[in-house]
Amino acid sequence: MAETVLRHDWSRAEVSALFALPFNELLHRAHTVHREHHDPNAVQVSTLLSIKTGGCPEDCAYCPQAARYDTGVAAQKLMDVDDVLERARAARAAGASRFCMGAAWRGPKDRDIPKVAAIVRAVKDLGLETCATLGLLGDGHAQQLKDAGLDYYNHNIDTAPEFYGEIIHTREYQDRLVTLEQVRDAGLKTCCGGIVGMGETREQRAGLLQALANLPEHPQSVPINQLVPVPGTPLGDAEPLDPFEFVRAIAVARILMPLSIVRLSAGRQQMDDAVQALCFFAGAGSIFYGEKLLTTGNPDVEADRALFRRLDLHPMDVVESAGTVHADIGEGESCGQGCGCSAAA
Ligand code: SAM
Ligand code: DTB
Ligand code: SF4
C-alpha cells in the first residue's frame, strides 16, 4: 500500500474547499479514503457512563450539566467502583468494546485521581478498552490514569478557535491544548473532536476540523457531535443544522485525518437512519451505543442492532480496532501517532 502522508498543515482555504465540493464528489472522496485504511463495514462501539453528574462550575453554552443553567439535571457525586462495574459489565454483555466515563468537572482535583484510577483499573480488568473525559488535567494526572490502565482520554476542542469565545467563557482554548499535550505525553490515545450545529458558519465548521487536523498528532478518535439542544441551556433553542451539512463535516474529517476513527457521536437520536447510513458511508467508524449518552438520550440498543443488520455493519472488536487504525504500517513500525502501537498489518 502506498505510504499515507499525514498532514498537519491544512490551510483554511483547503478545508473550506472540501466542504464546498458537490455533495456526491465529497462523499466519494471521503469513502475512498475510508476504504484505504478502514474496514467500511466495521464500526467501533463504545458505551458512555456519567460517573459524576451535574453541578459543573463551567459555562459551556451547550451543556446540561452546568450548574448555572436550569436543565433539571440533578448533581450527583462520583460513583462507587462497584456501581460503575455493574454498568460496565452490562455494556460489555450488550456488545460494547470500549467504556467511556465522563465527569462534570472543570477538571479533577488531585484527590479525585486515585478514585478514578481505581474505577479505570476495575473496568480495564473486565477486558474493556477504557476512556475517560474529566476536563482539564493537572500535573501528573494523565500519567496516573495511564498507569491505571486508561487507553483513551477524551477532551474536545469543541469548535473553531474564532467561535469558541461565543460558547465558553470560563476556560480558554489554549487550556484545552495544554491538556491534550499532557495526554499525548503520557502515551494515552487521544479522543478529540467537537460539536456542530451551535450556530456556527460552515467556515467555522471548517475551522474546527482544520484545528483538529493540525494538532501535533491526529487524535486516534475524532468525535463529531451534533448539538443536542437541551432546554435551559443558552443553546436550547438553536436552529437545527441541515443533516447534509453534518454529513459533510464527517466526510471532511475523514479526508483530513485518514487513519483516525471518526465517531458519529451525540445527536443520533435526533437523526434519521438514512442520514446515519450516509455518515457511515462518509467515513464514520464508531458510535456511542446504549440508551443514554451522559445525561441525554441515545438510540435504543435494539434500534442500533437493527440498523447494523440493515446496513450489514458489524461491531469492531478491540484487536480489530487497533489493526484498522494502523493498517498501513509495516510489522514492528510505529504509526507515528504516539500511541505506542506496533503494526498489526
Ligand atoms: N467536563 C468535561 C469537559 O467538558 O471536558 C468532560 C465532560 S463534557 C460533557 C464532554 C463533551 O461532551 C463536551 O466537550 C462536549 O463536546 C460534549 N457535549 C456536552 N453537551 C453536549 C450537547 N448538548 N450536545 C453535544 N455534545 C455535547
Ligand atoms: C463526546 O465527544 N461526546 C460525548 C463524549 N465525548 C463524552 C458526550 C456527549 C454528551 C451529550 C450531552 C449529554 O448527554 O449530557
Ligand atoms: Fe462542565 Fe464539561 Fe459540561 Fe463544560 S462540558 S459545563 S466542563 S461538564
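Read the numbers this way: they start at 1 and go in the same order the structure lists the ligands and their atoms. Just so you know, residue 1 is the first one in the sequence shown, and it goes up from there. As a basis for the values below, the full set of heavy atoms in this structure was taken, side chains included, without hydrogen atoms, waters or symmetry mates.
Heavy-atom contacts of Leu294 reach the following atoms of ligand 1: 9 (C) (cutoff under 4.0 Å). The distance from ligand 1 to the heavy atoms of Gly135 drops below 4.0 Å at these ligand atoms: 2 (C), 3 (C), 5 (O). Numbered from 1 in the order shown, with element, the atoms of ligand 3 that lie under 4.0 Å from a heavy atom of Tyr62 read 5 (S). Counting the atoms of ligand 3 from 1 in the order shown, those under 4.0 Å from a heavy atom of Trp105 are 7 (S). Listed by atom number, the atoms of ligand 1 under 4.0 Å from Ala266 heavy atoms are 25 (C). Listed by number with element, the atoms of ligand 1 under 4.0 angstrom from any heavy atom of His155 are 5 (O). Counting atoms of ligand 1 from 1 in the listed order, those under 4.0 Å from a heavy atom of Gln226 are 25 (C).
Here Val228 has heavy atoms under 4.0 Å from ligand 1 in both its backbone and its side chain. Contacts of Glu58 with ligand 1, taken as heavy-atom pairs under 4.0 Å, are absent altogether. Within the 4.0 Å heavy-atom criterion, neither part of Thr233 lies near ligand 1. For Thr133, heavy-atom contacts with ligand 1 shorter than 4.0 Å involve the backbone as well as the side chain. At a heavy-atom distance under 4.0 Å, no atom of Met198 approaches ligand 1.
Inside a 4.0 Å radius of atom 12 (O) of ligand 1 there is not any protein heavy atom. Put simply, atom 8 (S) of ligand 1 has no protein non-hydrogen atoms near it, under 4.0 Å away.
Put simply, the residue from His169, Arg171, Glu200 that forms a side chain to side chain contact (heavy atoms under 4.5 Å, CB included) with Tyr164 is Arg171. Across Val196, Leu293, Asp158, Asn156, a single residue satisfies side chain to side chain contact (heavy atoms under 4.5 Å, CB included) together with Asn225, and that is Asn156. Considering Arg263, Met316, Arg98 as possible partners of Ser286, the one that fulfils the side chain to side chain contact (heavy atoms under 4.5 Å, CB included) test is Arg263.
When hydrogens are left out, the protein atom nearest atom 2 (Fe) of ligand 3 is Arg171 NH2, 4.0 Å; that is the closest non-hydrogen contact. For atom 27 (C) of ligand 1, the nearest non-hydrogen atom of the protein is Ile195 CD1, 3.7 Å.
Salt-bridge check for Asp151 with Lys146: failed, with every basic side-chain N at 4.0 Å or more from each acidic carboxylate O. One finds no salt bridge joining Arg176 and Glu181 here, because no Lys/Arg side-chain nitrogen approaches an Asp/Glu carboxylate oxygen to under 4.0 Å. Remark: Asp300 does not engage Arg305 in a salt bridge, criterion side-chain N to carboxylate O under 4.0 Å. With respect to the salt-bridge test (charged N to carboxylate O, under 4.0 angstrom), the residues Glu162 and Arg12 qualify. The residues Glu245 and Arg205 are annotated as salt-bridged, a charged nitrogen and a carboxylate oxygen being separated by less than 4.0 angstrom.
Inspection of the His141 and Asp110 side chains reveals an N or O donor paired with an N or O acceptor under 3.5 Å. Under the 3.5 Å distance criterion, with hydrogens and angles disregarded, no donor-acceptor pair is assigned to the side chains of Gln204 and Thr159. Judged purely by distance below 3.5 Å, without hydrogens or angles, the side chains of Asp272 and Gln276 never pair a donor atom with an acceptor atom.
Annotation: side chain of Leu208 is not in contact with side chain of Ile195 (no heavy-atom distance under 4.5 Å). The side-chain heavy atoms of Pro64 and Tyr69, taken from C-beta on, include no pair separated by under 4.5 Å.
For ligand 1, the polar-atom distance check against Asn154 finds no nitrogen or oxygen pair separated by under 3.5 Å. Taking distance alone, with nitrogen or oxygen atoms compared against 3.5 Å, Asp158 approaches ligand 1 more closely than that limit. Checking only distances, Trp105 does come within under 3.5 Å of ligand 1, N or O to N or O. Considering both main-chain and side-chain atoms, Ala103 comes within under 3.5 Å of ligand 1 through a nitrogen or oxygen pair. When only interatomic distances are considered, the shortest N/O to N/O separation between Tyr62 and ligand 1 falls below 3.5 Å.
Ring pair His38/His34 is parallel by interplanar angle, where below 30° counts as parallel and above 60° as perpendicular. Using a 30° and 60° split on the angle between ring planes, Phe280 and Phe308 fall in the perpendicular class, above 60°.
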Apply the test side chain to side chain contact (heavy atoms under 4.5 Å, CB included) to residues Leu278 and Phe244: give CA-CA distance (whole Å), side-chain angles for both, the deciding distance (0.1 Å), then the verdict. CA-CA 9 Å; Leu278 279 175; Phe244 297 135; 3.9 Å; yes
Using the rule given for side chain to side chain donor-acceptor pair (under 3.5 Å), can you reason through Glu203 versus Ser16, listing the C-alpha separation, both sets of side-chain angles and the distance that settles it, and then say yes or no? CA-CA 6 Å; Glu203 181 67 17; Ser16 296; 3.0 Å; yes
Please evaluate residues Phe246 and Cys279 with respect to the criterion side chain to side chain contact (heavy atoms under 4.5 Å, CB included), reporting the C-alpha separation (whole Å), side-chain torsions for both, the decisive distance (0.1 Å), and the verdict. CA-CA 8 Å; Phe246 183 82; Cys279 289; 3.7 Å; yes
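Under the 4.0 angstrom criterion for non-hydrogen atoms, Arg171 is in contact with ligand 1. At a 4.0 Å cut-off, not a single heavy atom of Arg106 sits close enough to ligand 1 to count as contact.
Neighbouring protein atoms of atom 4 (Fe) of ligand 3 (N, O or S, distance under 2.8 Å, waters ignored): Cys60 SG.
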Any protein N/O atoms within less than 3.5 Å of an N/O atom in ligand 2? List the atom names and distances, or say none.
residue  : atom   : partner : partner atom : Å
ligand 2 : 2 (O)  : Asn156  : ND2          : 2.9
ligand 2 : 2 (O)  : Asn225  : ND2          : 2.8
ligand 2 : 3 (N)  : Asn225  : OD1          : 2.9
ligand 2 : 6 (N)  : Asn154  : OD1          : 3.3
ligand 2 : 14 (O) : Leu294  : N            : 3.0
ligand 2 : 14 (O) : Thr295  : N            : 2.9
ligand 2 : 14 (O) : Thr296  : N            : 2.9
ligand 2 : 14 (O) : Thr296  : OG1          : 2.8
ligand 2 : 15 (O) : Thr295  : N            : 3.1
ligand 2 : 15 (O) : Thr295  : OG1          : 2.7

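If you chain together hydrophobic residues whose side chains sit under 4.5 Å apart, Tyr153 and Val84 fall into the same group.
Not one N or O on the side chain of Thr47 forms a donor-acceptor pair closer than 3.5 Å with the backbone of Ala96. A donor-acceptor pair under 3.5 Å is formed between the side chain of Asn214 and the backbone N or O of Asp9.
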